[in-house]
Number of protein chains: 2
Amino acid sequence: MPQNRDKTTKQRILESAMKLFAELGYKNASVRKIAKSVGIRESALYNHFKNKEDIFLHIASEIFTTPFNHDENMSTTIAKSNNPKAYLHKFATEFKLITFDKNKENLFRIMMIELFQNKNLRDGFLNEFHNKNIKILAPIFFTMMQEGHVRSSDPMVMAQEFLAPLFYLRLHVTLLRIDSQATTALSSQFEKHVDFFWEGIKVG
Amino acid sequence: MPQNRDKTTKQRILESAMKLFAELGYKNASVRKIAKSVGIRESALYNHFKNKEDIFLHIASEIFTTPFNHDENMSTTIAKSNNPKAYLHKFATEFKLITFDKNKENLFRIMMIELFQNKNLRDGFLNEFHNKNIKILAPIFFTMMQEGHVRSSDPMVMAQEFLAPLFYLRLHVTLLRIDSQATTALSSQFEKHVDFFWEGIKVG
DNA sequence: AGCATATATTAACAATTGTTCATATATAAT
DNA sequence: ATTATATATGAACAATTGTTAATATATGCT
């Protein structure tokens, strides 16, 4: 029977590989570099994974695990409440947390690097990230419009307009962090975005 | 003396290399692939460029050539006029043109692919793209505020909020075009962005 | 203890990489 | 036409790539 330490080695490989894929990209993160970073020889990797791509797929499968635990009842309740702006702040704050989470940051970097060379990641980005978020946000804006909290407009457009600056901010922060540059100024922009956006859509 | 055809070969190399860098990324676009695509042997490349990096640098230098021919007088005039929204439409339309331009699209793809692995490109993105656009937009919004056309707010924030959806849209379009997917729906979003944004900032 | 399994190592492989060198061919100037 | 220069080729190089095979070592079970 396999021993329990296996899980540890397999996980250590995934951790090292994730770090190297994020820093160097898939092609530049060679099997030998990954193995060395784990502390074993390259051939030993093949006891745990079929091949290099297999390692990558294990990591890539984490990329689009829903970032938000979206509670539909809760969000509808807030959207109908007399403080619907709070939901937008909650959304932006979760986005901010993910942006500054070391693990999610690595996954984001891998996604961005391989996005243009990997059809699966492109589909994942469009479906699991973009479409999913729009489908969460649009009905909420729709509810807010019905309740008269927010000016009437196309909910899909409003959702996209709300989402895009958050994504851009995440990209910006991630780039600065690669070079260990300060991100304090950008950190507060997540809240500023919500405030600015709310001023543009609120009624009364 | 060198013949005039040299310029042609050198340019053909740059064109082939640009296409391959955009499709495969720097590492995967090998010298042999580039040479084959030009129709010569790999060693012949070295008569025109010092090495592979030299080819890349020639192409990379084009990435941040100011996309907009920004005429400050004109933009201030429009911002002060009674139709300041027109300037935003002009800006977005130029952005849209660039997005759908085949050459600029390749350069954009190269930028995005190498952004996370090339400090020069990161600096270029932050300074030549982000900061430059903010520095163009912020004073214009400031003028609009002074003229009472636009609600009072932080011009830098407003500039960023206007820019981010355009960038996100460009990314979205570029990804779809890689897989030859339809972008007609997204095409009209550039104008929708301006309309939505304007509704959120206009006074009266 | 002995056996089976899991996991490591060492060595080798074929392929691909960027680059260089010697040499051939084409082009332009005298 | 001869010469000089520019540009091409073919072959070779050392390094690195992903992967496999043979083999050793460690671990867990009976």
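In what follows, chains carry the letters A, B, and so on, assigned in the order in which the sequence lines appear, proteins first and then strands, with residues in each chain numbered from 1. Note that these values count all heavy atoms, side chains included, but never hydrogens, waters or copies made by symmetry.
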Using 30° and 60° as the class limits, which term best fits the ring planes of B/Y168 and A/F167: parallel, tilted or perpendicular?
perpendicular

Of the listed nucleotides (D/dT19, C/dT19, D/dA8), which one gets closest to any side-chain atom of B/V31?
C/dT19

Flag for B/E161-A/H193: side-chain donor and acceptor within less than 3.5 Å:
yes

In residues 51-62 of chain A, which ones come under 4.0 Å of DNA chain D, going by heavy atoms?
A/N51, A/K52

Between A/K19 and A/E15, does any side-chain N to carboxylate O distance fall below 4.0 Å?
no

By salt bridge (charged side-chain N to carboxylate O under 4.0 Å, His left out), which residues pair with B/E42, not counting sequence neighbours?
B/R32

C/dT17 OP1/OP2 closer than 4.0 Å to side-chain N/O of B/S30
yes

Both A/R32 and B/A44 contact DNA chain D. Taking the nearest nucleotide for each, which residue is further toward the 5' end?
B/A44

Can you tell which of C/dT17, C/dA8, D/dT19 lies closest to the side chain of A/I40?
C/dA8

OP1 or OP2 of C/dA6 under 4.0 Å from side-chain N/O of A/H48
no

Which of parallel (below 30°), tilted (30 to 60°) and perpendicular (above 60°) describes B/F95 and B/F190?
tilted

May I ask you to decide if the ring planes of A/F197 and A/F141 are parallel, tilted or perpendicular, using 30° and 60° as cut-offs?
tilted

Please report, rounded to the nearest Å, how far the P atom of D/dG18 is from the NZ atom of A/K50.
15 Å

For C/dA22, take OP1 and OP2 only and decide whether either is under 4.0 Å from a side-chain N or O of B/S43.
no

A/R41 near the nucleic acid: base, sugar-phosphate alone, or nothing, with a heavy-atom cut-off under 4.0 Å?
base

Protein-nucleotide distance (A/K36, atom NZ; D/dT17, atom P), rounded to Å:
11 Å

Spacing between A/R12 atom CZ and C/dA8 atom C1', to the nearest angstrom:
12 Å

Are the aromatic ring centres of B/H58 and B/F49 under 6.0 angstrom apart?
yes

Mark yes or no for a side-chain to base donor-acceptor pair under 3.5 Å between B/N47 and D/dA8, with no hydrogen or angle criteria applied.
yes

